[in-house]
Amino acid sequence: MINQQLINPKSIVVIGGSNDTSKPGGKVLKNLRDHGFAGDLYVTNPKETEIQGIKCYQNPNDLPDCDLAILAIAAKFCPDTVELLAKQKNTRAFIILSAGFHEESEAGAILEQQIVHTINSVNGCLIGPNCIGVMNPHHTSVFTTPIPKLDPKGVDFISGSGATAVFIMESAMPNGLSFSSVYSVGNSAQMGVEEVLQYMDEHFDPENSSKVKLLYIESINKPDLLLKHASSLIKKGCRIAAIKSGSSSAGSRAASSHTGALASSDSAVDALFRKAGIVRCYGREELATVAAIFMHKLLTGKNIAIITHAGGPAVMLTDALSNNGLEVPHIESPELLSKLLPGSSVANPIDFLATGTAANLGDIIDYCDNEFEQIDAMAVIFGSPGLTEVYDVYKLLDEKMKTCRKPIFPILPSVVNVKNEIDYFLSLGRINFPDEVVFGNALAKIYNTPSPAKSAEHPEIDKAAIRKLIDEASEGYLDPEKVQQLLDAAGIPRAGEAVVTSALDAINSAKKMGFPVVMKVVGPVHKSDVGGVVLNVKDDNAVFQEFNRMIQIKDTTAILIQPMLSGTQIFAGAKAEPKFGHMILCGLGGIFIEVLKDVQASLSPVSHIEASEMIQSLKSYKIIQGIRGQEGVNEEAFADAIVRLSALCEAAPEIAEMDINPLLGNLKGVVAVDARIRLEKES
């Protein structure tokens, strides 16, 4: 776990320091010196007596005790050096810049394990190996540039890739974003992104800790840890955005159920981030823009005033906001209009013309903040053709951002014409959004990201019956009778049904249920594709004929008979995702699930609130509500079925894939018409 020796060391040694600043050992030492590390600084190199003006220890045995060691030597020398420092020099924090460990070979993995074992034996902490290092306001222990402005109130950034960390900082810094700390975890041999975030959560100080966290993640190894501490930090007032790379369909696996086909590993990441309240980003510029928005006052509503002296950017911003669920509401104010130049407009966008003054801008901002109660935030677009200096505008903008109740987002696109004025604005601690569309999309994404999910309260289910069924069952698909018993034990309503293997039993069962009935084959996965579903079977003769036809369909072992029910076909399903647990999905059912692929997913356990949000987030939600005279679906009952499905998966983690398709829903409730469950058990 992270310790004070890493965060605020009193002494640092660079193992493998160099006078050549094009080498990692030389550059990290230079960065420490150039950025004013206040503690004792040591360096070792067997070939030198002085490096960059600092006494060099040719033998690490001669070093004094030291809090933090930065290793820039060949991988094969690292285990013995770590052993010496940890056991003889009281070193409790290590940053290993060197590559050549588990990312390269099995032999490297063994070296890495030796290092971790040694550091764990003294309760020390390790960042890396194969990383660029760590920086915070106390020290810049990295061998790269640029070094951003390091401010305790800046952004905490944790990255699984050192190079990507550099590129993200390069995207963010020109627009004025400052950083509190940067952790490049490299191979994550002892600590990865999750553990660093855990430390930030467990040591969070509402007065002094940064409230913005950025993550670049290549592999989520401990999703439970990430979910727990990201949710906790957000509930404490933090805001978190993350990139999870590796989201392409190339990583998806073939599956034998609808749920399996629709639920990819990336869907699990999406579900995890939504459950935690993390804003998911897909590129460096987007992440930097989201972080910059986080540094402003919180947007509490969806109504945005666009204040501009240029029409084109205002139209593009309006499109970006409106297309993503935010509003640019119409405004009327003859009083404000009278204060502006002739030809101005206050309709929203509020256009005060290219000749508008700082005083005009001040009047508009005051009206938006104090008079227009329907407005929740302001986006101010102000560029320049380069005719005059505009320091007065940016000075006024800074002052209004200090005093206004509502957030103000400065969009300053003239990064060439008024570079000096924008530099002045940034020097005041402000941030610029140079592109209005990137800003608009990012603002909408933040607004549309839900708050962390509340803990789920499981409904009452018959866990004993579930466990008995699961324990006695074999791997693979359960037979329909056992599926029915599991649905009953979970309290998921289902249609009455019978599984028959003879025409006589089929006729008797149909009579008992009452005509008309539905007949389905048992065995084939996609029943409709093979002619294995017949609706509205109305008499004995039809039952007899259909049974004899259907029983001959390939892979059919029996025929399922159910009463003919009416309602909207909906769907609920579950899929076990390694490390993440079960993904729970819902959507429209029947063939529409394959055509529309309109599903929403969450990670189990799912609360009733989450289930309702899943339903309401479907693109087809209007169908579930009822449209054009068609009866809708009882949403409470649909949500209850989703929650009970989640509870079933919690009680039976052996469920690998499960489809309830279709559920038939109407205003009275929902009924499971067909379901499949596949089990996987540990060998």
Side-chain angles (χ1 to χ4, degrees), residues 194 219-228 244 246-247 249-276 453 456 458-459 461-463 465-480 482-483 485-487 489-492 525 571-587 589 593 597 599-607 610-611 614 641-661 663 672 674-683:
E194 299 96 332
S219 177
I220 299 177
N221 296 312
K222 298 174 182 175
D224 287 347
L225 201 65
L226 180 61
L227 174 61
K228 175 182 177 181
K244 165 60 179 75
S247 62
S249 59
S252 64
R253 299 182 300 278
S256 58
S257 70
H258 297 297
T259 308
L262 292 166
S264 66
S265 298
D266 196 58
S267 301
V269 174
D270 263 344
L272 171 65
F273 282 12
R274 279 198 306 275
K275 200 175 186 80
H458 282 318
I461 61 174
D462 192 342
K463 293 182 181 178
I466 292 169
R467 285 310 320 162
K468 185 173 187 298
L469 280 162
I470 297 296
D471 292 340
E472 292 176 353
S474 301
E475 277 200 346
Y477 279 99
L478 293 179
D479 63 53
K482 286 188 169 56
V483 172
Q485 292 171 3
L486 282 176
L487 292 177
I492 298 172
V525 174
F571 153 83
K575 178 177 180 251
E577 184 66 32
K579 298 181 183 178
F580 287 80
H582 279 93
M583 291 179 62
I584 308 298
L585 293 89
C586 73
I593 189 172
K597 293 182 172 59
V599 297
Q600 288 291 318
S602 186
L603 291 180
S604 190
V606 176
S607 69
E610 283 181 274
M614 289 167 67
I642 294 168
V643 170
R644 289 183 176 277
L645 173 59
S646 171
L648 172 59
C649 292
E650 292 290 306
E654 297 91 340
I655 294 175
E657 294 179 33
M658 179 173 177
D659 279 345
I660 308 176
N661 184 35
L663 277 165
D674 198 4
R676 290 173 63 84
I677 297 176
R678 183 173 66 83
L679 302 183
E680 286 183 4
K681 295 189 172 184
E682 293 182 4
S683 55

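- A donor-acceptor contact shorter than 3.5 Å is absent between the side chain of E654 and the backbone of K681.
- Just one residue in the list I677, V483, L487 forms a side chain to side chain contact (heavy atoms under 4.5 Å, CB included) with I660, and that residue is L487.
- With sequence neighbours left out, the side-chain hydrogen bond (donor to acceptor under 3.5 Å, both in side chains) criterion links D224 to no other residue.
- Pairing each heavy atom of A652 with each of I470, the nearest pair is CB-CG1, 3.7 Å.
- With sequence neighbours excluded, the residues forming a side chain to side chain contact (heavy atoms under 4.5 Å, CB included) with A611 are V606, A639, I642, V643, listed by chain and number.
- Here the side chain of R678 pairs no donor or acceptor atom with the backbone of A656 at under 3.5 angstrom.
- With sequence neighbours excluded, no residue forms a salt bridge (charged side-chain N to carboxylate O under 4.0 Å, His left out) with E194.
- With sequence neighbours left out, K222 forms a side-chain hydrogen bond (donor to acceptor under 3.5 Å, both in side chains) with E195.
- If you take CZ on R676 and CE on M658, they are separated by 12.0 Å, rounding to the nearest 0.5 Å.
- L679 and S474 make their closest contact through CD1-O, 3.9 Å (heavy atoms, listed as atom of the first residue, atom of the second, distance).
- In this view, K579 and N221 satisfy the side-chain hydrogen bond (donor to acceptor under 3.5 Å, both in side chains) rule, not counting sequence neighbours.
- With sequence neighbours excluded, the residues that form a side-chain hydrogen bond (donor to acceptor under 3.5 Å, both in side chains) with S604 are S646, E650.
- What you find for A601 and M583 is that their closest heavy atoms are CB-CE, 3.8 Å.
- Residue G589 comes nearest to F571 through the heavy atom pair CA-CB, 3.7 Å, listed as atom of the first residue, atom of the second, then distance.
- Atom CG of residue L272 and atom OG of residue S602 lie 9.5 Å apart, to the nearest 0.5 angstrom.
- The structure places CZ of F580 at 8.0 Å from CG of L226, a figure rounded to the nearest 0.5 Å.
- With sequence neighbours excluded, the residues satisfying side chain to side chain contact (heavy atoms under 4.5 Å, CB included) with A647 are H458, P459, I461.
- Taking A276 as the reference, L227, A230, S231, I278 meet the side chain to side chain contact (heavy atoms under 4.5 Å, CB included) condition, with sequence neighbours excluded.
- Minimum interatomic distance between I584 and C649 (heavy atoms only, all atoms of both residues): CD1-SG, 4.2 Å.
- With sequence neighbours left out, the side chain to side chain contact (heavy atoms under 4.5 Å, CB included) criterion links L469 to K482, Q485, L486.
- Take K468 and apply the salt bridge (charged side-chain N to carboxylate O under 4.0 Å, His left out) test, not counting sequence neighbours, and it matches E472.
- Within the 3.5 Å criterion, the main-chain N or O of L603 finds a donor-acceptor partner in the side chain of K275.
- Taking the salt bridge (charged side-chain N to carboxylate O under 4.0 Å, His left out) definition, one finds that R274 meets it with nothing, sequence neighbours left out.
- In this structure, E610 and P605 approach most closely via the heavy-atom pair OE1-O, 3.6 Å.
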